[in-house]
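I have placed the structure first, in the form of structure tokens, so that the comments after it can refer back to it.
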Amino acid sequence: MAVEQLTADEREKALAALPEWTLREDGLAIIRAFKFRDFNAAWGFMSRVALLAETHDHHPEWSNVYNRVEITLTTHEAGGLSLRDVAMAKAIDALA
Ligand SMILES: C[C@H](O)[C@H](O)[C@H]1CNC2=NC(N)=NC(=O)C2=N1
């Protein structure tokens with residue numbers, strides 16, 4: 001099934017509903033930074049996101065340094081942002 005990139009209008013609406021996420025400079029991804037109490041809490045969160053990624057079949061690009069986790073969401077298939085990223089961002093917000 002083809003996954004469409006969001007239009008500029010759809011993108012603005014989606015971002016308005018995701019106040020914690022910022023649009024990457026190139027407009028093709030959204031990014032959120034998280035900070036936890038310690039590494040254990042960060043890793044626990046990442047484990048929950050990993051399970052979510054498998055159920056959504058949508059996987060984050062991320063980095064972790066001690067208690068910080070940065071997540072980038074984009075849809076490779078669409079070459080940019082799609083509704084899959086929006087759904088995943090909302091699901092991640094619900095875990096954080
Ligand atoms: C075959 C599999 O469904 C695809 O490769 C999925 C897996 N996870 C994915 N994750 C992300 N972030 N973007 C994708 O386009 C994507 N595609």
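All values reported here derive from a predicted model rather than from experimental measurement. Ligands are counted one by one from 1 in listed order, and the atoms in each one are counted from 1 as well. For reference, positions follow the sequence shown, starting with 1.
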task = Check whether any protein heavy atom sits under 4.0 Å from atom 5 (O) of ligand 1.
result = no
query = Would you find a donor on one side and an acceptor on the other, under 3.5 Å apart, between the side chain of Asp93 and the backbone of Leu95?
reply = no
query = ligand 1 and Asp57, any nitrogen or oxygen pair closer than 3.5 angstrom?
reply = yes
key: Check: Ser82 side chain, Ala78 main-chain N or O, donor-acceptor pair, under 3.5 Å   = no
key: Subset of ligand 1 atoms that lie under 4.0 Å from at least one heavy atom of Thr75   = 13 (N), 15 (O)
ask   = Do you see a protein non-hydrogen atom under 4.0 Å from atom 2 (C) of ligand 1?
value = yes
Any donor-acceptor N/O pair, Glu54 side chain to Leu51 backbone, under 3.5 Å = no
message = Between Thr75 and Glu77 (side chain of the first, backbone of the second, donor and acceptor by atom type, cut-off under 3.5 Å), is there such a pair?
response = no
request  = Report yes if some N/O of His76 lies less than 3.5 Å from some N/O of ligand 1; otherwise report no.
outcome  = yes
ask   = Ignoring hydrogens and geometry, is there a side-chain-to-backbone donor-acceptor pair from Asn64 to Val69 under 3.5 Å?
value = no
note = The atoms of ligand 1 lying under 4.0 Å from a heavy atom of Thr74, numbered in the order shown, are 11 (C), 12 (N), 13 (N)
note = Closest non-hydrogen atoms of Leu81 and Gly27, given as atom of the first, atom of the second and distance, are CD1-O, 4.2 Å
remark   = for atom 8 (N) of ligand 1, nearest protein heavy atom and its distance come out as His59 ND1, 2.8 Å
